[in-house]
Amino acid sequence: SQIVVLGQPVVDGSSGINAEYGGLAIALRLNTTEMVVEVLEQVPQDQIHYVVGSLPLHHVTSLLKFLVELLTTSRHLHFYILWVSTILTTHGPALKKNSSQIMSTLNGIISALTAQTRTLGSLCDSNQYFMDVILTLGRTQSSKSETSAEMEVF
């Protein structure tokens, strides 16, 4: 498996998990959002728990900081929620011990998810309204067609 960042291979290994972990570790050390995003998005969803399980705690806390930003800016909300959920499930006890050090990051996750919930709720409400309008217009057009068809018969 090969991890490519900014068009250049950074890790070329026979084991996919080791390659994905290596690419993520390099991206986190370089501390560049663009590189972290590229590496994260190359990890298949069914491999996330393996990659997260192989991360040491210092990389986990760094990754969580990136994920806060990605939760607020990315269209791939479900994908990044999977990362956050897997990290919290896998490394929860260790993170709890260091909770005072990462409290701002955890609050950032809560804020990002709350904002996304509001945005999605508003979008759903808007879609429901427009669906109701479309259905009402469809019924109106249908009844007008039936009325004009009845008038032609007489």
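FYI, the numbering just counts along the sequence from 1.
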(message) Does any part of the side chain of Thr90, heavy atoms only, come nearer than 4.5 Å to the side chain of Val60, both counted from C-beta?
(response) no
(request) Find the distance between CD1 (Ile109) and CG (Leu67) and round it off to the nearest 0.5 Å. (result) 7.0 Å
(message) Distance check, rounded to the nearest 0.5 Å: Leu24 atom CG versus Arg29 atom CZ?
(response) 10.0 Å
(request) Under the side chain to side chain contact (heavy atoms under 4.5 Å, CB included) rule, what do Thr89 and Val52 come out as? Steps first, then yes or no, please. (result) CA-CA 10 Å; Thr89 302; Val52 167; over 6 Å; no
(message) Does any part of the side chain of Ile26, heavy atoms only, come nearer than 4.5 Å to the side chain of Val39, both counted from C-beta?
(response) no
(message) Would the distance check show the side chain of Ser54 and the main-chain N or O of Val51 forming a donor-acceptor pair, the cut-off being under 3.5 Å?
(response) yes
Residues 119-128 side chain polar contacts: donor-acceptor under 3.5 Å, at least two apart:
unit_1: Thr119; atom_1: OG1; unit_2: Ala115; atom_2: O; d: 3.0
unit_1: Gln128; atom_1: NE2; unit_2: Asp132; atom_2: OD1; d: 3.2

(message) What I'd like to find out is whether the side chain of Val84 reaches to under 4.5 Å of the side chain of Leu113, using heavy atoms alone.
(response) no
(message) A side-chain contact here means heavy atoms from C-beta on lying under 4.5 Å apart; do Leu95 and Leu88 qualify?
(response) yes
(message) For a 4.5 angstrom cut-off between non-hydrogen side-chain atoms, does Glu41 reach Tyr80?
(response) yes
(message) Is it the case that the side chain of Ser74 and the backbone of His76 share a donor-acceptor pair, with hydrogens and angles ignored and the cut-off at 3.5 Å?
(response) yes
(request) Looking only at non-hydrogen atoms, find the nearest pair between Thr105 and Lys65 and report the distance. (result) OG1-CG, 3.5 Å
(request) State, to 0.1 Å, how close Ile87 and Leu63 come at their nearest heavy-atom pair, and which atoms those are. (result) CD1-CD2, 3.6 Å
(request) Kindly compute the distance separating CD (Gln47) from NE2 (His49), expressed to the nearest 0.5 Å. (result) 7.0 Å
(message) Please give me the minimum heavy-atom distance between Phe79 and Leu40, naming the atom from each residue.
(response) CZ-O, 3.1 Å
(message) In this structure, would Phe130 and Leu137 fall into the same cluster of hydrophobic residues linked by side-chain contacts under 4.5 Å?
(response) yes
(message) Between Ser99 (side chain only) and Lys96 (backbone N and O only), is there a donor and an acceptor less than 3.5 Å apart?
(response) yes
(message) Please report the interatomic distance CH2(Trp83) to CD(Gln45), rounded to the nearest 0.5 Å.
(response) 10.5 Å
(message) Checking one residue: Ile110. Which other hydrophobic residues are in its cluster under the side-chain 4.5 Å linking rule?
(response) none
(message) Looking at every heavy atom in both Leu55 and His91, which two are closest together, and how far apart are they?
(response) O-CE1, 3.2 Å
(request) Go through the steps for Phe66 and Asn31 under the test side chain to side chain contact (heavy atoms under 4.5 Å, CB included), then give the verdict. (result) CA-CA 9 Å; Phe66 281 106; Asn31 202 30; 3.2 Å; yes
(request) Locate the shortest heavy-atom distance separating Thr86 from Leu82; write the atom from each residue and the value. (result) OG1-O, 2.7 Å
(request) Give the minimum heavy-atom separation between Gln116 and Leu71, together with the two atoms involved. (result) NE2-O, 2.7 Å
